[in-house]
Amino acid sequence: MFIGTEKLTHTYMPGTPFANEALKEVTFDLSQGEFALIIGPSGSGKSTLIQHLNGLLKPSSGKVYFEGNTVGSNKAELFNLRKRVGLVFQMPEEHFFSETVYDEIAFAPRNLGFEESKVQVRVTEALEEVGLETRTLLNRHPFQLSSGQKRLVALASVLSLKPEVLILDEPTAGLDSSGRRNLYSLLTKLNRSKRLTVLICTHHLDEAAALADTVIVLQHGRLILKGAAKEIFSRREQLYQLGLGLPAVTEIMHGLSEGGMKVRTDIFDLEGARQEINKLKGRHVK
Ligand SMILES: Nc1ncnc2c1ncn2[C@@H]1O[C@H](COP(=O)(O)OP(=O)(O)OP(=O)(O)O)[C@@H](O)[C@H]1O
Ligand SMILES: [Mg+2]
């Protein structure tokens, strides 16, 4: 087991009239290099779950594992975990607090006690990794950037620690379609070329579904499904009953199939759909 949980339960405000069991005996694991999605209705526990994976929340009962070891609660263990399991919050730019892009990204490596020369290397590498121009951006105020650039700076500030696991909460919220495509192609590159394990919570499947090896479904704090993306997205009715949809392109394939056309419905991206429809028509759709 690379990273995961065993019977993880989390109760917010325990022992008060507001006690809320947000996670109930959640057990799952991911292998190194896996690209996984967590989906589930609003309030199903997605954000609560991922905050346990880098030690921001403590289990009420059950365990969190990383590299086969139970994550403890002492400072040194948590420090080590947060270095290796990077978490990008939803709308991370709302948490920016530095005067320059450089300082924003430098915060985490400085916190690790690196010398400034090493911090500088980490900052530059992280910015290059997310495809941002270092020369012009480093001294800009983070709030002077576009939404897409801010999101990339937030990602760079986590990558500056060179984590092995990257967890993102609704990473495309508020981005336009080119920002969404750019972010997902970056995450795919990090996953494939660096073997970074990627775990994403999202309600938006259009860009993410085709990339995922594994999909985890939560409902009312319980893990109710986990499997290969093809297997999970073949459960159309069950997902509907949960208030979850399919990627738009998969819906179209279902529509064509129901209309009598012999097409596969396990298609999650436009390129797959184009190929499938081309086969059907014996001609090329551009
Ligand atoms: N800080 C908190 N204190 C108390 N209850 C909380 C807190 N954060 C979340 N909850 C509750 O825990 C449950 C799970 O919330 P969580 O934010 O994990 O859901 P989610 O699946 O991420 O939802 P969304 O899709 O809306 O982001 C909800 O009932 C929520 O109200
Ligand atoms: Mg959430």
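The figures here come from the full heavy-atom set of this structure, side chains too, leaving out hydrogens, waters and symmetry mates. We count ligands from 1, going down the list as the structure has it; atoms in each ligand are counted the same way.
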Contacting atoms of ligand 1, where contact means under 4.0 angstrom from a heavy atom of Thr48: 14 (C), 15 (O), 16 (P), 18 (O)
Met13: numbered ligand 1 atoms lying under 4.0 Å from its heavy atoms: 4 (C)
Pairing of Glu67 and Arg84 as salt bridge, 4.0 angstrom limit: yes
Option with minimal heavy-atom separation from atom 20 (P) of ligand 1, where the choices are Pro41, Ala19, Gly43: Gly43
Atom 10 (N) of ligand 1 - nearest protein heavy atom and its distance: Tyr12 CE1, 3.4 Å
Any Gly45 heavy atom less than 4.0 Å to ligand 1: yes
Residues Glu164 and Lys194 bridged, charged N to O under 4.0 Å: no
Option whose closest heavy atom lies nearest to atom 25 (O) of ligand 1, chosen from Lys46, Glu21, His10: Lys46
Closest approach of any protein heavy atom to atom 26 (O) of ligand 1, naming residue and atom: Ser42 OG, 2.5 Å
Pair Gln32-Thr197, side-chain donor/acceptor within less than 3.5 Å: no
Polar side chain donor-acceptor pair, Gln275 to Glu271, under 3.5 angstrom: yes
Ionic contact status for Arg274 with Glu276, cut-off 4.0 Å: no
Residue-ligand contact His203/ligand 1, heavy atom below 4.0 Å: yes
Shortest heavy-atom approach to atom 29 (O) of ligand 1 - which of Thr11, Ile39, Leu57, Asn20: Asn20
Identity and distance of the protein heavy atom lying nearest atom 27 (O) of ligand 1: Ser47 OG, 4.0 Å
Glu93 and Arg151 ion-paired at < 4.0 Å: yes
Electrostatic pair Asp103-Arg110, nearest N-O below 4.0 angstrom: yes
Glu6/Lys63 salt bridge by N-O under 4.0 Å criterion: no
Gln90, any N or O under 3.5 Å of ligand 1 N or O: no
The Mg ion (ligand 2) contact by Gln90, N, O or S atom under 2.8 Å: no
